[in-house]
Amino acid sequence: MQDRLHEQLVGGELMAPNWSKAKVTAFRRALLGWYDQEKRDLPWRRDHDPYHILLSETMLQQTQVATVIPYYEHFLQLFPTVQALAQAPEDQVMKAWEGLGYYSRARHLQQAAKQVVQDYGGQFPRTAAELRQLSGIGPYTAGAIASIAFNQPEPAIDGNAFRVFSRLFKIDADIAKPQTRQLFDQLIRQLIDPKRPGDFNQAIMDLGSSYMRAKDPDPAHSPLAAFDQSYLSDTVMDYPVKSKKKPKKVVPYFALVIHSPQGYLLVRRPRTGMLADLWMFPLVDRSELDAALEVDQLVEAADRFEALADVHLTFEVTGAKLVRHTFTHQQWQLTLVQADSPAFDLAVLPAKWVKAADFGRLALPTVQKKLLKALGLGGTK
DNA sequence: GATCCGTGGAA
DNA sequence: TTTCCAAGGAT
């Protein structure tokens, strides 16, 4: 069955998966009937405002619902409209995103708001193709906004949709491969309810987070149990098929804690890459340093700061504290080294002296909060 | 197409 | 402790 389905879909034929029109109708009725009774009451389901949908979908990328809810409410308090977001200071937007992770989402979101205001007069475009052109909006988010806000029959293929449909049809294609998306896209287009595409997509998400969740699913009580080929063949946990990721790399750093009468030296991270735009202690990558010489090389690394003023910094290395922080694809091992310094001019650097009491004003990544805690400088993480 | 980009919860 | 993962997108 799945082989033929795969051949049909990959071959570009748009034949329904062996289902009669009556069965497709029954499928939609079972799904939407359940959704009407059991759908989750979520803040972004109070209306169909495309700005609200964009904000929620962006925050929900790779992030759990329970984590997003308070961020969503707070963000809308600060930036109630797409115009307000477009005009907001970027630092304020980053601060509102602090702790959510994947910080480029925040920058792209504000860029999208500016595009809507400048290119579309503040009115969101209504088609998935146009939405797809906005910054930070990919195929999933475009489909979600088009279907939920504008009632367009577009699939919204997220991890839930991959999991639900791979189980329903026992699809063996590897969902980790980008190419697999088109297979699901063509399948879902045949099943999506043209009268209620937004509800259809959201119903799949609710199902994927309940009866058809990744861990400890309960397919026997799913409203789609009768349509679930993996359940009917007792192979639920074989799906979805997903290849493994490579192991994460360990990266050692020195974290330079430079204290002057004006406070601690924090630098703004580069606009791209890890923890973009956020504020941290300066880091020195020691992965390429010669272990026997690295303390001397640390001093050399500090020269970029010393060159700005007539100062010499002596770092305290013995008894240094080690802080570990794990990201999706790498682990940092941060050795805290401290130095006292006279205050010197930082105007030419994306850096500033910050007193401990003012750390809360800046957008800091979680790893920086860990460092502060290790130093006894507040923070709860 | 492969890799990069955060965080917190759960087993 | 380790691993997986949760409403992806950019490069």
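Order of the sequence lines sets the chain letters (A, B, ...), proteins ahead of strands, with each chain counted from 1. Just so it is clear, the model here is predicted, and its values are computed rather than measured.
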Asker: Pairing donors with acceptors under 3.5 angstrom, does anything connect the side chains of A:Y140 and A:E57?
Answerer: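 Their side chains do contain a donor-acceptor pair, which is all the 3.5 Å distance test asks for.
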
Asker: Mind checking the P distance from C:dA7 to B:dT3? Whole angstroms is fine.
Answerer: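 After rounding to an integer number of Å, I get 24 Å for this pair.
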
Asker: Check whether any side-chain nitrogen or oxygen of A:Q62 sits under 4.0 Å from OP1 or OP2 of B:dT7, and answer yes or no.
Answerer: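 Answer is no, no contact under 4.0 Å.
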
Asker: Using whole Å, what does the distance between atom C1' of nucleotide C:dG8 and atom CG of A:L54 come to?
Answerer: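 A:L54 atom CG is separated from C:dG8 atom C1' by 13 Å.
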
Asker: Tell me which nucleotide among B:dG9, C:dA10, C:dA7 gets nearest to the side chain of A:Q64.
Answerer: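 From the listed options, B:dG9 comes nearest.
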
Asker: Heavy atom of residues 204-213 of chain A under 4.0 Å from DNA chain B: which residues?
Answerer: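 Under 4.0 Å from DNA chain B: no residue of residues 204-213 of chain A.
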
Asker: In residues 155-166 of chain A, what residues come within less than 4.0 Å of DNA chain C, judged by heavy atoms?
Answerer: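 Contacts with DNA chain C under 4.0 Å: A:D158, A:G159, A:N160, A:R163.
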
Asker: Measure from the ring center of A:W19 to the ring center of A:F227 and say whether it is less than 6.0 Å.
Answerer: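 Here the rings of A:F227 and A:W19 have centres that are less than 6.0 Å from each other.
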
Asker: Can A:D206 and A:R213 be counted as an ion pair, charged N to O under 4.0 angstrom?
Answerer: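 Result for this pair is no, no salt bridge flagged.
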
Asker: Ring centroids only, cut at 6.0 angstrom: are A:F79 and A:F75 within range, meaning strictly under it?
Answerer: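 Between A:F75 and A:F79, which both carry aromatic rings, the centre distance is below 6.0 Å.
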
Asker: Within less than 4.0 Å of OP1 or OP2 of B:dT7, is there a side-chain N or O belonging to A:Y103?
Answerer: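 So the side chain of A:Y103 is within the cut-off, an N or O lying under 4.0 Å from OP1 or OP2 of B:dT7.
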
Asker: When you check the phosphate oxygens OP1 and OP2 of B:dT7, does a side-chain N or O of A:T63 lie under 4.0 Å from one of them?
Answerer: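 Checking B:dT7 against A:T63, no side-chain N or O comes under 4.0 Å of OP1 or OP2.
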
Asker: Take atom CD of A:E98 and atom P of B:dG8, then tell me their distance rounded to the nearest Å.
Answerer: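 One finds 10 Å between P of B:dG8 and CD of A:E98, rounded.
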
Asker: Measuring from the side chain of A:T366 (C-beta onward, heavy atoms only), which nucleotide among B:dG6, B:dG8, C:dA10 has the closest atom?
Answerer: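 Looking only at side-chain atoms, A:T366 lies closest to B:dG8.
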
Asker: At less than 4.0 Å, is any side-chain N or O atom of A:T141 found next to OP1 or OP2 of C:dG9? Yes or no.
Answerer: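 For A:T141, the contact criterion (side-chain N or O under 4.0 Å from OP1 or OP2 of C:dG9) is met.
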
Asker: Once you apply a heavy-atom cut-off of 4.0 Å, does A:R181 come out as touching a base, just sugar-phosphate, or nothing?
Answerer: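 A:R181: no heavy atom of the nucleic acid under 4.0 Å.
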
Asker: Base, sugar-phosphate, or nothing for A:R45, non-hydrogen atoms under 4.0 angstrom?
Answerer: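 Answer is base: heavy atoms of A:R45 come under 4.0 Å of a base.
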
Asker: Which residue, A:V257, A:L256, A:L336, forms the side-chain contact (heavy atoms from CB on, under 4.5 Å) with A:F315?
Answerer: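 Between A:F315 and the candidates, side-chain contact (heavy atoms from CB on, under 4.5 Å) is satisfied uniquely by A:L256.
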
Asker: Compare the minimum distances between each of C:dA7, C:dA10, B:dT7 and the side chain of A:E57, then state the nucleotide with the smallest one.
Answerer: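 Nucleotide nearest to A:E57's side chain: C:dA7.
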
Asker: So A:V68, base contact, sugar-phosphate only, or nothing? Heavy-atom distance under 4.0 Å.
Answerer: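 If one applies the 4.0 Å heavy-atom cut-off, A:V68 turns out to touch nothing in the nucleic acid.
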
Asker: Classify the side chain of A:R40 and the base of C:dA7 as holding, or not holding, a donor-acceptor pair under 3.5 Å.
Answerer: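 Flag set: donor-acceptor pair detected.
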
Asker: By a strict heavy-atom criterion of less than 4.0 Å, which residues belonging to residues 324-334 of chain A are in contact with DNA chain B?
Answerer: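 Residues of residues 324-334 of chain A under 4.0 Å from DNA chain B: A:H325, A:T326, A:F327, A:T328, A:H329, A:Q330.
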
Asker: Of the candidate nucleotides C:dA7, B:dG1, C:dA10, which contains the atom at the shortest distance from the side chain of A:Y140?
Answerer: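 Selected nucleotide (nearest to the side chain): C:dA7.
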
Asker: Does A:L100 reach a base, just sugar-phosphate, or nothing at all? Heavy atoms under 4.0 Å.
Answerer: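 Result for A:L100 = base.
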
Asker: Does A:K352 make a cation-pi contact with A:W279, if we ask for NZ or CZ under 6.0 Å from the ring centre and within 45° of the axis?
Answerer: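 Yes, cation above the ring, under 6.0 Å and within 45°.
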
Asker: Please figure out whether A:S56 or A:S135 has its closest DNA chain C nucleotide nearer the 5' end.
Answerer: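 Whichever sits nearer the 5' end wins; that is A:S56.
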
Asker: Only one of A:D228, A:L31, A:L207 clears side-chain contact (heavy atoms from CB on, under 4.5 Å) with A:P223; which?
Answerer: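 Looking at A:D228, A:L31, A:L207, the match for A:P223 under the side-chain contact (heavy atoms from CB on, under 4.5 Å) is A:L207.
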
Asker: Taking the ring centre of each residue, are A:H325 and A:F327 less than 6.0 Å apart?
Answerer: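 Distance test on ring centres: under 6.0 Å, yes.
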
Asker: Judged by modelled atom types alone, do A:T141 and A:Q61 share a side-chain donor-acceptor pair under 3.5 Å?
Answerer: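 Present: a donor and an acceptor within the cut-off.
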
Asker: Is it true that the side chains of A:E130 and A:T127 contain a donor and an acceptor less than 3.5 Å apart?
Answerer: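 A pair is found: one side chain offers a donor N or O, the other an acceptor, under 3.5 Å apart.
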
Asker: When the distance from CG of A:D277 to P of B:dC5 is rounded to whole Å, what number comes out?
Answerer: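 One finds 14 Å between P of B:dC5 and CG of A:D277, rounded.
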
Asker: By nearest nucleotide on DNA chain B, pick out whichever of A:P178 and A:R105 is the more 5' one.
Answerer: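 Counting from the 5' end, the first nearest nucleotide belongs to A:P178.
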
Asker: Run the ring-centre check on A:Y264 versus A:H259 and record whether the distance is less than 6.0 Å.
Answerer: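 Yes.
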
Asker: Return the value, rounded to whole Å, for the distance between atom OH of A:Y71 and atom P of B:dG6.
Answerer: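 Nearest whole value for this atom pair: 13 Å.
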
Asker: Which nucleotide, B:dG8, C:dA6, B:dG6, lies nearest any side-chain atom of A:M274?
Answerer: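 The nucleotide sitting nearest to the side chain is B:dG6.
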
Asker: Could you give the OH-to-P distance, from A:Y72 to C:dA7, as a whole number of Å?
Answerer: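 Those two atoms, OH and P, are 18 Å apart.
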
Asker: Going by atom types alone, do A:S243 and A:K177 pair a side-chain donor with an acceptor below 3.5 Å?
Answerer: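 No, no side-chain donor-acceptor contact under 3.5 Å.
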
Asker: Whole-Å distance between C:dT2 C1' and A:K215 NZ?
Answerer: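 Whole-Å distance recorded here is 11 Å.
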
Asker: Measure CG/A:L60 against C1'/B:dT7 and give the value in whole Å, please.
Answerer: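 Between C1' of B:dT7 and CG of A:L60: 14 Å.
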
Asker: Just call it for A:Q61: base, sugar-phosphate, or nothing, with non-hydrogen atoms closer than 4.0 Å on any strand.
Answerer: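 The answer is sugar-phosphate, as A:Q61 gets under 4.0 Å only of primed atoms, P, OP1 or OP2.
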
Asker: On a whole-Å scale, what distance lies between the P atoms belonging to B:dC5 and C:dA6?
Answerer: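 Those two atoms are separated by 22 Å.
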
Asker: Any chance the side chains of A:R167 and A:T235 put a donor and an acceptor closer than 3.5 Å?
Answerer: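 Distance-only check fails for A:R167 and A:T235.
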
Asker: Under a plain distance cut-off of 3.5 Å, with no hydrogens placed, do A:T63 and A:R105 share a side-chain donor-acceptor pair?
Answerer: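 A:T63 and A:R105 do have a side-chain donor-acceptor pair below 3.5 Å.
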
Asker: Between A:Y102 (OH) and C:dT11 (C1'), how many Å, whole number?
Answerer: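 Going from A:Y102 (OH) to C:dT11 (C1'), I get 15 Å.
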
Asker: Nearest nucleotide by nearest heavy atom, which residue falls closer to the 5' end of DNA chain B, A:L364 or A:K177?
Answerer: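 Mapping each residue to its closest nucleotide by heavy atoms, the 5'-most match is A:K177.
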
Asker: Determine the interatomic distance between P on B:dG8 and the same-named atom on C:dG9; round to the nearest Å.
Answerer: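 Their P atoms lie roughly 22 Å apart.
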
